[in-house]
*Asks:* 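Pasting a structure here, questions to come.
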Amino acid sequence: DWILIAMKYKAKRTGMYRSGAEKAVGEQLSQLGLPALYESAKLNYVQHRMYTPDFTIGKHHIEVKGWWPASDRAKLLAVIHSNPATKILVALETPSLTLSKKSKTTYAQWCAKHGIPWCSIPIPPETLSAWLKQPTFPAQAPSAIVQTVQPCIPMEATSALCVQGDLMPMAQHGNDQ
């Protein structure tokens with residue numbers, strides 16, 4: 001109980017600064033007449049880590065996902081951003097599962113939103129074959145290749161979609177499945 005109580009109560013921020021040291025520097029800069037803005041900029045940064053895809057076929061990678069927490073989705077986006085020429089296919093066990101209890105977005109819709117090729121498990125052999133024949137391209141490039149979207153396996157067990165002859169993200173798909 002003590003630990004929970006201690007974690008619930010944070011020290012209140014006094015003024016606009018988060019610490020006494022920041023306040024001291026802010027006051028010093030002001031006294032020197034320097035136009036310093038406090039916490040006004042947002043900078044991107046990269047943490048150098050290693051990612052191991054579940055399966056690799058040549059330069060193509062397959063990541064298999066059942067339950068897919070937000071931290072793992074963020075990691076996949078970081079991997080794709082850091083390796084734009086790398087092809088990653090996400091094989092979803094349950095594409096219609098929502099991101100969380102409160103979300104209406106499914107795993108499949110999340111992939112489509114981020115331009116990530118996906119398919120349900122089991123991966124149809126013709127879909128896998130077509131995907132492996134595609135040249136390596138940046139993660140956001142597939143939208144230029146998309147033709148017509150149609151179901152690649154019966155809709156009884158899955159909501160996965162693919163493009164005629166090529167697996168593509170569902171960006172052009174109007175269904176909520």
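Along the sequence shown, residues are numbered consecutively beginning with 1.
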*Asks:* Do the non-hydrogen side-chain atoms of Arg73 and His114 ever get within less than 4.5 Å of each other?
*Replies:* no
*Asks:* Please report the shortest heavy-atom distance between Thr106 and Ser96, naming the atom on each side.
*Replies:* CG2-O, 3.4 Å
*Asks:* So which heavy atom on His60 is nearest to which on Gln134, and how close?
*Replies:*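 Answer, listing the atom of His60 first, then Gln134: NE2-O, 3.4 Å.
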*Asks:* Assess the residue pair Glu39 and Arg18 against the criterion (side-chain contact (heavy atoms from CB on, under 4.5 Å)); give the C-alpha distance rounded to whole Å, side-chain angles, the decisive distance to 0.1 Å, and a yes or no.
*Replies:* CA-CA 10 Å; Glu39 292 188 349; Arg18 294 179 190 255; 2.8 Å; yes
*Asks:* Any link between Leu29 and Tyr17 through a network of hydrophobic side chains (Ile, Leu, Val, Met, Phe, Trp, Tyr) touching at under 4.5 Å?
*Replies:*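 No, it is not one cluster - the side chains of Leu29 and Tyr17 are not joined through contacts under 4.5 Å.
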*Asks:* Is Leu37 reachable from Met16 through a run of hydrophobic residues whose side-chain heavy atoms are each under 4.5 Å from the next?
*Replies:*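 No, Met16 does not connect to Leu37 through the hydrophobic network.
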*Asks:* State plainly whether one hydrophobic cluster holds both Ile121 and Phe55, where clusters connect Ile, Leu, Val, Met, Phe, Trp and Tyr through side-chain heavy atoms under 4.5 angstrom apart.
*Replies:* yes
*Asks:* To the nearest 0.5 Å, tell me how far Gln109 CD sits from Trp118 CH2.
*Replies:*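 Between atom CD of Gln109 and atom CH2 of Trp118 there are 9.5 Å.
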*Asks:* Check whether Ser129 reaches the backbone of Pro125 with its side chain - one donor and one acceptor, N or O, closer than 3.5 Å.
*Replies:* no
*Asks:* Roughly how far, to the nearest 0.5 Å, is CH2 of Trp131 from SG of Cys119?
*Replies:*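 One finds 11.0 Å between SG of Cys119 and CH2 of Trp131.
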*Asks:* To the nearest 0.5 Å, how far apart are CG in Leu89 and CG in Leu128?
*Replies:* 7.0 Å
*Asks:* Is there a side-chain contact between Lys65 and Asp72, using heavy atoms and a 4.5 Å cut-off?
*Replies:* yes
*Asks:* What is the minimum heavy-atom distance between Gly58 and Thr56, and which atoms define it?
*Replies:*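 In this case the closest contact between Gly58 and Thr56 is O-CG2, 3.3 Å.
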*Asks:* Count I, L, V, M, F, W, Y as connected when their side-chain heavy atoms are under 4.5 Å apart, and connections chain through other members. Are Trp67 and Ile116 then in the same cluster?
*Replies:* yes
*Asks:* Keeping the roles fixed (side chain from Tyr107, backbone from Trp68), state whether a donor-acceptor pair exists under 3.5 Å.
*Replies:* yes
*Asks:* Distance check, rounded to the nearest 0.5 Å: Tyr51 atom OH versus Thr86 atom OG1?
*Replies:* 10.5 Å
*Asks:* Can you measure from CD (Glu63) to OG1 (Thr52) and round to the nearest 0.5 angstrom?
*Replies:* 9.0 Å
*Asks:* Could you grab the distance from atom CD1 of Ile88 to atom CG of Leu76, nearest 0.5 Å is fine?
*Replies:* 5.5 Å
